[in-house]
Each structure stands twice: as C-alpha cells, then as structure tokens.
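Single-structure report; data block below.
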Amino acid sequence: MTIASSPTWVVRKPLAEWLEQEAREAHQAYGRYRVLDVGSGIKPYFPFYQPYADEFVGVDLRPDADLQGTVESIPVDDASFDVVLCTQ
C-alpha cells in the first residue's frame, strides 16, 4: 500500500506535503543527512527523504523495523542522526 492509497490520506496529505518540502530544504541547507524515524511503522515517509538521505532508519516495536525500541528508549547514540521524525 502506498501512502496515497491509505484511507487516512485526506488527513495525512498536508503532513506529507510539509515533510516532502522539509526533506528538500534540509538537503539544500545541509547536503546529505541521516534520518531516524521514531514510530516508523511501515516507513511511509521514506520516499520523501530517499533522494536526500544517506540513511533512513525506522525505530518501532514492529518486528520488521530496522531497530526495535520505544520513543522513551531509542536504541541509538545521542546526536548520531541529523533529522528525527516522530509524527504520531
């Protein structure tokens, strides 16, 4: 399922548009960067960052997440990512 085919797309569309713009602007300002998506689920925002990010890592309780963890206990070193997403 793509993000646009989600039944909640009407509600999430403004957020998606804003994130896509922020991904571009971060690249223009800083070059390539590393993204940590906390509560990533199926990583629906990955396509917005893919052209600009050297790495996009999802943290979630899901067994298929890149890293398993909670927002209270993120399993990465401090300051090891340039952008952190936590949208829901």
Side-chain angles (χ1 to χ4, degrees):
M1 175 190 310
T2 66
I3 191 170
S5 66
S6 167
T8 61
W9 176 244
V10 172
V11 175
R12 293 170 56 192
K13 185 176 184 228
L15 172 62
E17 290 171 344
W18 179 75
L19 287 173
E20 193 168 20
Q21 176 183 339
E22 289 294 312
R24 278 192 309 274
E25 289 179 6
H27 181 256
Q28 291 168 352
Y30 308 112
R32 297 193 62 79
Y33 48 84
R34 296 180 71 214
V35 180
L36 180 68
D37 187 356
V38 180
S40 61
I42 59 169
K43 298 199 293 191
Y45 305 116
F46 171 70
F48 305 150
Y49 291 88
Q50 184 177 19
Y52 315 113
D54 284 332
E55 188 174 13
F56 188 101
V57 176
V59 176
D60 206 308
L61 295 175
R62 297 168 56 103
D64 60 342
D66 300 320
L67 298 172
Q68 278 77 41
T70 66
V71 69
E72 296 85 10
S73 180
I74 299 172
V76 299
D77 293 332
D78 290 349
S80 58
F81 286 84
D82 306 299
V83 174
V84 177
L85 295 179
C86 188
T87 61
Q88 297 173 358

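Each residue takes its place number in the sequence, starting with 1. Model, not experiment: these values are computed from the prediction. Computation of the quantities below employed the complete heavy-atom set of this structure, encompassing side-chain atoms and omitting hydrogens, waters and symmetry-equivalent molecules.
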Contacts satisfying side-chain hydrogen bond (donor to acceptor under 3.5 Å, both in side chains) that involve residues 47-57 (not counting sequence neighbours) are Arg32-Asp54, Arg34-Glu55
With a 4.5 Å cut-off on side-chain heavy atoms, are Pro51 and His27 touching?
no
Residues at least two apart in sequence or cross-chain that pass side chain to side chain donor-acceptor pair (under 3.5 Å) with Gln28, listed by chain then number, are none
Taken in chain and number order and not counting sequence neighbours, the residues that satisfy side chain to side chain donor-acceptor pair (under 3.5 Å) with Asp64 are Arg62
Side chain to side chain donor-acceptor pair (under 3.5 Å) filter on Gln68, not counting sequence neighbours, yields none
For Ile74, the other hydrophobic cluster members (4.5 Å side-chain criterion, sorted by chain and number) are Leu36, Val38, Val57, Val59, Leu67, Val71, Val76, Phe81, Val84
Residues passing the ring pair (Phe, Tyr, Trp, His ring centres under 6.0 Å) test with Phe46, sequence neighbours excluded, are Phe56
Applied to residues 72-88, the salt bridge (charged side-chain N to carboxylate O under 4.0 Å, His left out) test, sequence neighbours excluded, yields none
Correct closest heavy-atom pair for Ser40 and Pro44 would be O-CD, 3.4 Å
Sequence neighbours excluded, the answer for salt bridge (Lys or Arg N to Asp or Glu O under 4.0 Å) partners of Asp66 is Lys43
Scanning both residues in full, the closest heavy-atom pair of Pro75 with Gly69 reads CD-CA, 4.2 Å
Contacts of Glu17 meeting salt bridge (Lys or Arg N to Asp or Glu O under 4.0 Å) (sequence neighbours excluded), chain-then-number -> Lys13
Nearest heavy-atom approach of Ala26 to Tyr33 is CB-CE2, 3.7 Å
With sequence neighbours left out, the residues meeting side chain to side chain donor-acceptor pair (under 3.5 Å) with Glu25 are Gln21
